[in-house]
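The figures here come from the full heavy-atom set of this structure, side chains too, leaving out hydrogens, waters and symmetry mates. None of these values were measured; they are calculated from a predicted model. Below, read A as the first sequence line, B as the second, and so on, with proteins coming before strands; counting in each chain starts at 1.
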Amino acid sequence: MVLMDCFSDIGRIKGVDQYVLVDNRGNIMIHDMTEFETVAEVVWSCGRSLSVLGKNKFKYAAFLRKNKNDFLIFPVGKYYLGVVERKGFVTDEVADAVMDFLNTRFDEIG
Amino acid sequence: MIFFCEECGEKNDLEGSAFSNGKAVFQCRACGYRNAYSFCPRKKEIHRDKGRILKTICSFSEVIGVFLYDTENGVRETRMPDVLTRADIEILGREFFRSYTSGQSAYPDIQGMCIRIADKYFMVHRMPDHLLVVIVTRTPTLPDAVHKFILDLA
């Protein structure tokens, strides 16, 4: 419950429009997103593949979109987080903000 | 669009007005040579000039390495650091391509991908003719000149 409360705050990060969290089996844990099922599958498949590739050094993947609502994937322990960025924000700044948030929260809850 | 001088190999950034009857006509900015050669279809240009294209991209200080990945035949050309073997680069290309196409299944308007591993950024862009170009940089955005160069190729 504490973990899910933590993730629900992700929507408050500046630049984050929508998000979905999946576990390492692809199960959707929490989301605030339209068409979350298709996106969750991408988050799980890309997250797993890039995590294996980059081992524990994989930080994030950003998919750069023509409509500027870039889409990002983060590894979070045994979960993967997908985030749709709000238009008008700088992608690597949003990525840094999400990573800072995750690091702080996970330090707090251990 | 970037064109290379036939005499000295210098890259010249040309506007549309430099094209006439299917030819690129321009005076090289470095050596002054008057170039006038036929403009080949883009996909042939990439295959023909892949060594020079990668060399140009690598000439920017922010760029650590670059490779071209053919989605049907694997790595075509590489200028990656020696610490990575050919097999490592094949795996990178394959997984980046998988992720790119997977991303496009949800968002068809994807134009590129940036993957951060440790403190390096892997920029992935699709090219014509089943090619991906992967550029490794120290910064999360491509230098403007490299970005423009990639857009011209794509």
Exercise. Are the ring centres of B:Phe122 and B:Phe96 closer than 6.0 Å?
Worked result: yes

Exercise. Can you tell if the side chain of B:Cys28 reaches within under 4.5 Å of the side chain of B:Glu7, non-hydrogen atoms only?
Worked result: no

Exercise. Can you tell which of A:Gly47, A:Ser45, A:Ala61 has the highest number of heavy-atom pairs within less than 4.5 Å of chain B?
Worked result: A:Ala61

Problem set entry | Cluster link A:Phe71 to B:Phe97, ILVMFWY, side chain under 4.5 Å | yes

Exercise. Counting heavy-atom pairs under 4.5 Å to chain A, which of B:Leu92, B:Ile110, B:Asp88 comes out on top?
Worked result: B:Ile110

Exercise. Checking heavy atoms, do the side chain of A:Tyr60, its backbone, both or neither come under 4.5 Å from chain B?
Worked result: both

Problem set entry | B:Val25 backbone acceptor or donor facing B:Asn35 side chain under 3.5 Å | no

